[in-house]
Amino acid sequence: MRKKKSCSVIIARQEHGISRKLMSPNALRALYRLRDNGYVGYLVGGCVRDLLLGREPKDFDVVTNATPGELKRMFRNCRLVGRRFRLAHIHYQDEIIEVATFRSQASNEPEPEPKEPAGTDHRQRPPQMLKDDDGMILRDNVYGTPEEDALRRDFTVNALSYNIADFSIIDYTGGLADLNAGIIRTIGDPAVRFQEDPVRMLRAVRFAAQLAFTIEEHTWKALVAAADTIVRAAPSRLYDEMLKLLLSGEGARCYELLRQTGLFAALFPHVSNWLGAESEGFPHTRFGAMLSRVDSSLQQGNKVSPPLLLALLFGEYIDEKAAQFRRQGVPWQQSVNAAVAEFMGETCPIVMITNRVGLALRDIIGQQTRLKKIPGRRPESFIARPDFNDIIEYCRTTCGDKKDVVTQLGWWEAQARQQAPVPLPRELTKEAGAPQRKRKRRRRRNPSAKNRADRV
Ligand code: ATP
Ligand code: MG
């Protein structure tokens, strides 16, 4: 039976298909503890959406009217984290469950005292919300009611709650209808919501691609209109979010939507211009093709490291830059280094690829010539490189259809199988049975002793 209460719809336990068997036992433990201590406890966000769609949730988020201080007292295995907004991490053996106190929507308007759950600890109350001149949320730290907490979320399908008190689903935003219709729709005015947090545009694309949903018309129009403003988000956050899109298993679809909306051109302007032009009469089609390969590899359960992903996507662009350097007389290895440095210089002000990943990307591309030298000098140390598999995988994915490359890869893989250093069982190692080696004591510098020695 569906009950309408204020502006929420409650879907009773027998009316929805969510079973507790599909939930994380730890999340359930945390919810029962909250309930048994007299607090409200909801499962919220992506996990409710995924459970309703019959997908396995990535993580389980809990919200409650207990304050962080109260959570700390209630759970021995609790750590409070976050400077912007205090959250509780409940640590279980193999999982951390995030528990947040209901929050309200941000606004710069002078506000009445926020409605707070009974027992709010005012000493712990974080600073109020703050927006910049363009309406982007800088701080969003006000406790609120369950409804306010749902309304501040990004999309209707991400705002459903599962109430542990009676196992019902609470829908404040029409999320259930959108879920059934396969629609991604912002909560409230999409232009305002994208202005508050431009990263929501990337999230819209990711959810549309991952769930095979369509972006609702007003949301789509606002997204296309605001695509250029994506660059206002923090570069490190854009990097994390880009990885989530491209490693979602639906990267090719994400890429298609990024191009259609104008987000790709805003995030990677140089690469976007290059993709639109031809090289020696040929269009650049490798980017999309590589993403399809990455998707099928991920769907088969393989892992793709961020440096390998970036090498596969941007390798052709970097190779062309390197070729330009070589035409100016720069030697091969330096030409790759210079090309990667130029690529990083163009990209990082908008999408902050970490230095470590940049170096690893450079090595994957730079080491490709080593594969052609068989056996070359010290093949065993090449095989022992931690990025050996990425170097091989890059070669296989980009030119694995060439006969001589297949032969080369076959040779290296056979060597790797033979030469992989098999760790000796412990009982056969020299140390086994022998008395434990004493650690050499380093003499401590003791200034007073030095002074004494000086005096002698
Ligand atoms: P995933 O399957 O990727 O984990 P998710 O929807 O759970 O998807 P999270 O990043 O885990 O995404 O966020 C959890 C929830 O927090 C979301 O479902 C949404 O309700 C809310 N949320 C996350 N990011 C934002 C944002 N930028 N603006 C508003 N709400 C957000
Ligand atoms: Mg999640």
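As the structure lists them, so they are numbered: ligands from 1, and atoms in each ligand from 1. Computed from a predicted model, the values in this text were never measured in an experiment.
Remark: side-chain polar atoms of Gln324 are not paired, donor with acceptor, to backbone N or O of Lys321 under 3.5 angstrom.
By the criterion of a heavy-atom distance under 4.0 Å, the side chain of Asp59, and not its backbone, is placed next to ligand 1.
Contact analysis puts Arg49 in contact with ligand 1, with a non-hydrogen atom separation below 4.0 angstrom. The shell of residues lying under 4.0 angstrom from ligand 1, judged by heavy atoms, includes Arg152. Heavy-atom distances between Val199 and ligand 1 stay at or above 4.0 Å for every pair.
Using a 4.0 Å cut-off to heavy atoms of Arg200, the atoms of ligand 1 that qualify are 26 (C), 27 (N), 28 (N), 29 (C). Close approach to Gly45 involves these atoms of ligand 1, each under 4.0 Å from a residue heavy atom: 18 (O). Listed by number with element, the atoms of ligand 1 under 4.0 Å from a non-hydrogen atom of Asp61 are 14 (C). Using a 4.0 Å cut-off to heavy atoms of Phe207, the atoms of ligand 1 that qualify are 6 (O), 8 (O). Close contacts between ligand 1 and Asp197 involve ligand atoms 26 (C), 27 (N) [criterion: under 4.0 Å to a heavy atom]. Remark: ligand 1 atoms within the under-4.0 Å shell around heavy atoms of Arg206 are 3 (O). Heavy-atom proximity to Arg237, at under 4.0 Å, picks out these atoms of ligand 1: 27 (N).
When only non-hydrogen protein atoms are considered, atom 21 (C) of ligand 1 lies nearest to Arg153 NH1, 3.5 Å. With hydrogens left out, the protein atom closest to atom 18 (O) of ligand 1 is Gly46 N, 3.2 Å, a heavy atom. Here the protein heavy atom with the shortest distance to atom 1 (P) of ligand 1 is Lys58 NZ, 3.6 Å. Among protein heavy atoms, atom 29 (C) of ligand 1 sits closest to Asp154 N, 3.3 Å. Among protein heavy atoms, atom 13 (O) of ligand 1 sits closest to Arg203 NH2, 3.8 Å.
Of the N or O atoms in Ala159, none lie within a sub-3.5 Å distance of an N or O in ligand 1. Checking only distances, Arg193 never comes within under 3.5 Å of ligand 1, N or O to N or O.
Classified by interplanar angle (parallel below 30°, tilted 30° to 60°, perpendicular above 60°), the ring pair Phe155/Phe207 is perpendicular. In this structure, His284 and Trp274 have parallel ring planes: the angle between them is below the 30° cut-off, well short of the 60° mark. A tilted orientation is assigned to the rings of Phe314 and Phe268, their planes being inclined by 30° to 60°.
Using modelled atom types, one finds a donor on one side chain and an acceptor on the other under 3.5 Å when comparing Tyr317 with Glu346. Checked by atom type, the side-chain pair Asn158/Arg153 shows no donor-acceptor distance below 3.5 Å. For the residue pair Gln195 and Thr229, no side-chain donor N or O sits within less than 3.5 Å of a side-chain acceptor on the partner.
In terms of distance to the Mg ion (ligand 2), the nearest N, O or S atom of Asp59 is named OD1.
Counting heavy atoms from C-beta outward, Tyr255 and Leu313 have side chains that stay 4.5 Å or more apart.
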- [ ] Could you please spell out the steps behind the side chain to side chain donor-acceptor pair (under 3.5 Å) verdict for Ser297 and Gln300?
- [x] CA-CA 5 Å; Ser297 180; Gln300 285 162 27; 5.6 Å; no
TODO: Run the numbers on Ser168 and Asp166 for side chain to side chain donor-acceptor pair (under 3.5 Å), then give the verdict.
DONE: CA-CA 5 Å; Ser168 64; Asp166 58 3; 2.7 Å; yes
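In this structure, Arg103 fails the cation-pi test against Tyr143, since its NZ or CZ atom is not both closer than 6.0 Å to the six-membered ring centre and inside 45 degrees of the ring normal. Annotation: cation-pi pair Arg200/Phe194 absent, no NZ/CZ under 6.0 Å from the ring centroid and within 45° of its normal.
Taking backbone and side chain together, Asp61 holds no N, O or S atom under 2.8 Å from the Mg ion (ligand 2).
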